[in-house]
There are 2 protein chains.
Amino acid sequence: MTGNLKTVSDIIGASYDTLTRAEKQLAETLLDNYPVSGLVSITALAENARVSTPTVVRMVQKLGFSGFPDFQSRLHQELEETISNPISKHDRWAADAPGTHILNRFADAVVANMRDSLAHISIPDFDRAAAELSNRKKPVYLAGGRITHALADYFFTHLQVIRSGVTLISTNRSTWPQYVLNMRPGNVLVLFDIRRYEQEMETMARIAAERGIFIILFTDTWGSPIVKHAKVVFRLNIEVPSAWDSSVMTLVLVEALIEAVQSANWDSTRERMSDLEELFDTTSLFRRPMRKEKRGKQQN
Amino acid sequence: MTGNLKTVSDIIGASYDTLTRAEKQLAETLLDNYPVSGLVSITALAENARVSTPTVVRMVQKLGFSGFPDFQSRLHQELEETISNPISKHDRWAADAPGTHILNRFADAVVANMRDSLAHISIPDFDRAAAELSNRKKPVYLAGGRITHALADYFFTHLQVIRSGVTLISTNRSTWPQYVLNMRPGNVLVLFDIRRYEQEMETMARIAAERGIFIILFTDTWGSPIVKHAKVVFRLNIEVPSAWDSSVMTLVLVEALIEAVQSANWDSTRERMSDLEELFDTTSLFRRPMRKEKRGKQQN
DNA sequence: TCGCTTCTGAAATTATCTTTTCAAAAAATG
DNA sequence: CATTTTTTGAAAAGATAATTTCAGAAGCGA
């Protein structure tokens, strides 16, 4: 009845053309702020969409559901799956394997994510984040969750080359209060919080926000609870054909920020970089200095 | 009435001590999978929490709400605020994102890299790497350089969930010989070596290769000296409009491998994952253990 | 153990939601 | 333009949810 379409929004999209005027109006309301808008009573939903309740009933039946409760429980289930753990996710993806190699499916998903994510990133937000991170007078702290810690680490490693006053917050949660204690109003806190969201991080964010810390948050499109404490929020598309979420988009943004911060004051960065080069050369056991002055390309 | 506390979960947390046994039980259910679990009918919620509906009513009133509908609409509002659909602010970027902004240039470069890299990756190589990593009898070691360490870390974190016998090699070079000492013929060593290539890593790779270790190498298109020791080499495009090289393509490949390894033996992975979930639930400071099997009933 | 208080859920009651019915309005057709 | 078909919502009917009542259960102090 509902075909092999995965989500309710897919179903709505597929049958959109066959809907009547009032039903289209209702569909718009549902897709706007999806799927939360559908989780209210049929009466409230009808009112929000400015249609009658029978219209709602007729439409959901047209879409293949037995009735409004059936429709709603499907929405509810969808939300639950998307918000919570990765176990249920895998089973969803596994079903629609189109036979192509995982690499290609991955690449497709990543490119699609990139397009969507970029469409929703506010350029002023990006510039503001870059400006905050470029201000050497403001110490920067970075923290990630269980998975995203590696991203915080990556960001940290680069920022550290570019400027001073950068701190990577330990993965050990019990030390977090001490970091917050050291932060001063106007300092910058960069957080990575992708589902499943971590309660401790929200606590840290709330306290930091109360103390006037400027919070930059990397999260997914669902939005972590930290959203309300953050000054700048990057919502990224993280869905890929995997049991896991993808960090690729997050990394793209991190790298773009690194470049923005770096070019904001390139001169002093260049100095720091060559100083660093020298340090590496002298402390390394095996390395012979192999200077390649190609405009400061640095890696590994 | 509800004080100046922000979220429903805050309110629950604040009055947790004053709750009775059945109410605490209900509170657990609500916080578990918050806030979605609270968006069902009072009947379904009571069933999930194994308490009676009057208990639900009494608790929400105790928390300061006028009744269950009031409570639920507050939850709903909260979810709406945090999720906020990106589709709605869809056509904002076209205007204020000129094609020259660093973000767009970055995205273009990444997509181009992806196309080039994928064209050069040998699918059999990918599958072979995945097979080696999927074999639980073969311990896996991972190491990265100064920058790429974060990628090794990311790979490690995921692999560790999927299987046992995974070791992340310390960043401290002087400990490397000890790791090599532990490796046995047939073991797998995953190395990240992007320019500038590190002498110590080549040394480690050479010795490991002599001892019959299966080496999987992630490098750039120029190819690190380790290439000659490795059984599988992934050469990736890493150039972006930045003073730095990009790790995005590397991450894409890592994630694809993670998925390949995971789906290679999904059943045992699933078990490990849910065991892990349980551990997280019990060890976390804020989440309390609460096993409950979900029932199908749900309604607004 | 008793008596008291607090807690809890079954059942009844009340309120609200969901579905159906049906007639009027709108759109399509000849 | 008349007729038919489709769409739509008001209102009634039916189903479910939310609240209240109340008696028994559980905990507590003496």
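First the proteins, then the strands, lettered A, B, ... as listed; each starts at 1. What's counted below: heavy atoms across the whole structure, side chains too, no hydrogens, waters or symmetry copies.
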Over its full length, what angle do the end axes of the helix from dT1(C)-dA30(D) to dG30(C)-dC1(D) make, each axis taken from five pairs and the result rounded to 10 degrees? 30°
Closest to side chain of Thr55(B), choosing from dA18(D), dC17(C), dT8(C): dT8(C)
Give, ordered by number, those residues of residues 44-54 of chain A having at least one heavy-atom distance below 4.0 Å to an atom of DNA chain C; if nothing qualifies, reply none. Thr53(A), Pro54(A)
State which residues pass side-chain hydrogen bond (donor to acceptor under 3.5 Å, both in side chains) with [X]; sequence neighbours excluded, sorted by chain then number.
X: Ser174(A); answer: Asn172(A)
X: Arg21(B); answer: Gln25(B)
X: Ser9(B); answer: Thr7(B)

Any luck finding a side-chain donor-acceptor pair between Thr250(A) and Ser247(A) under 3.5 Å? no
Residues at least two apart in sequence or cross-chain that pass salt bridge (charged side-chain N to carboxylate O under 4.0 Å, His left out) with Lys62(B), listed by chain then number, are Glu23(B)
Kindly write out the residues that satisfy salt bridge (charged side-chain N to carboxylate O under 4.0 Å, His left out) with Glu198(A), not counting sequence neighbours, or none if the list is empty. Arg173(A)
Length of the line joining [X]:[atom1] and [N]:[atom2], which is rounded to integer Å:
X: Glu23(A); N: dG9(D); atom1: CD; atom2: P; result: 10 Å
X: Ile42(A); N: dA15(C); atom1: CD1; atom2: P; result: 22 Å
X: Leu26(B); N: dG9(C); atom1: CG; atom2: C1'; result: 14 Å
X: Gln25(B); N: dT8(C); atom1: CD; atom2: P; result: 9 Å
X: Met59(B); N: dA18(D); atom1: CE; atom2: P; result: 14 Å
X: Phe68(B); N: dT19(D); atom1: CZ; atom2: P; result: 8 Å
X: Gln72(A); N: dA17(D); atom1: CD; atom2: P; result: 11 Å
X: Asp70(B); N: dT16(C); atom1: CG; atom2: P; result: 13 Å

Can you list the residues that meet the side chain to side chain contact (heavy atoms under 4.5 Å, CB included) rule with [X], with sequence neighbours excluded?
X: Val233(A); value: Leu217(A), Thr219(A), Val227(A), Ala230(A), Arg235(A)
X: Ala205(A); value: Leu191(A), Ile215(A), Ile226(A), His229(A)
X: Glu132(A); value: Lys138(A), Val188(A), Phe214(A)
X: Ala150(A); value: Asp153(B), Tyr154(B)

Compare side-chain N and O positions of Gln61(A) against OP1 and OP2 of dT20(C) and report whether any pair is under 4.0 Å apart. yes
Over 60° means perpendicular and under 30° means parallel, so tell me whether Phe234(A) and Phe218(A) are parallel, tilted or perpendicular. tilted
Report each atom pair, protein N/O against N/O of nucleotides 4-7 of chain C, whose distance is under 3.5 angstrom.
none

